[in-house]
Amino acid sequence: MATGDRKTSDIISDFLGASWRATVRVVKSIPSRIIGKIKKIWREFRDRPPRKDISRVYTVVGYTTRKFVDERYNAERRMMILRRGLLALIFFLLLFIVLDRTLSILNYNEIKQMFGFSSWTELMKNDPFSDRKETEQTAPAVTATTVAATATKTE
């Protein structure tokens with residue numbers, strides 16, 4: 001089986017040759033990598049600041065001013081306020097989207113039929129806990145015969 005002008009044996013030999021060269025390169029680099037790690041550990045040990053007591057010793061890496069530190073603190077503070085504001089905005093947007101979707105699903109005519117009133121004024125007119133004193137009964141009395149009669153009409 002040949003791909004183009006090359007034979008399968010040529011492709012396999014090229015692959016094995018490249019694998020061998022990569023393996024030899026990795027094996028040859030092992031001693032220099034070990035020596036490099038040892039030198040790094042030695043440099044870190046040698047360049048440590050002297051310790052006279054048990055407390056930590058800090059080395060000064062660079063110089064700074066109070067103005068630079070204050071500017072950096074204020075920038076970080078502004079970023080935190082901005083993040084919190086954006087997070088609150090995203091939360092309110094998600095809340096608005098969820099409420100919009102759920103309220104659009106509700107059928108208000110069915111809800112009116114379930115609870116038996118069509119407006120708030122009608123509900124307040126029939127409120128048994130209101131302070132108004134009326135002479136006539138505002139809510140009609142429901143008996144078992146009227147319930148049975150309405151049930152047979154709907155069936």
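The shown structure was predicted, so the numbers you read here are calculated from the model rather than taken from an experiment.
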Output a table of donor-acceptor pairs, distance under 3.5 Å, between side-chain atoms of residues 22-36 and any protein atom two or more places apart or on a different chain; print 'none' if there are none.
residue, atom, partner, partner atom, Å
Thr23, OG1, Ser19, O, 2.8
Ser29, OG, Arg25, O, 3.4
Ser29, OG, Val26, O, 2.9
Ser32, OG, Ser29, O, 3.0

Hey, can you pull the donor-acceptor pairs under 3.5 Å for the side chains in residues 76-90, sequence neighbours left out?
none

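Pairs passing the ring-ring contact (aromatic ring centres under 6.0 Å, His included) check and including a residue from residues 11-39, sequence neighbours excluded, do not occur. Annotation: ring-ring contact (aromatic ring centres under 6.0 Å, His included) contacts involving residues 84-104, sequence neighbours excluded, are absent.
Evaluation of the side-chain hydrogen bond (donor to acceptor under 3.5 Å, both in side chains) rule for Asp14 yields Arg6 as partners, not counting sequence neighbours. Listed by chain and number, the residues in a side-chain contact (heavy atoms from CB on, under 4.5 Å) with Lys67 are Thr65, Glu71 (sequence neighbours excluded). For Asp100, the salt bridge (charged side-chain N to carboxylate O under 4.0 Å, His left out) test picks out no residue, with sequence neighbours left out. With sequence neighbours left out, Ile97 forms a side-chain contact (heavy atoms from CB on, under 4.5 Å) with Arg101.
Grouping Ile, Leu, Val, Met, Phe, Trp and Tyr residues whose side-chain heavy atoms lie under 4.5 Å apart, directly or via other members, places Phe45 in a hydrophobic cluster with Trp42.
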**Prompt:** Which is it for Lys40 and Lys37 under the side-chain contact (heavy atoms from CB on, under 4.5 Å) test, yes or no, and what are the steps along the way?
**Reply:** CA-CA 5 Å; Lys40 179 183 173 188; Lys37 286 187 180 184; 5.6 Å; no
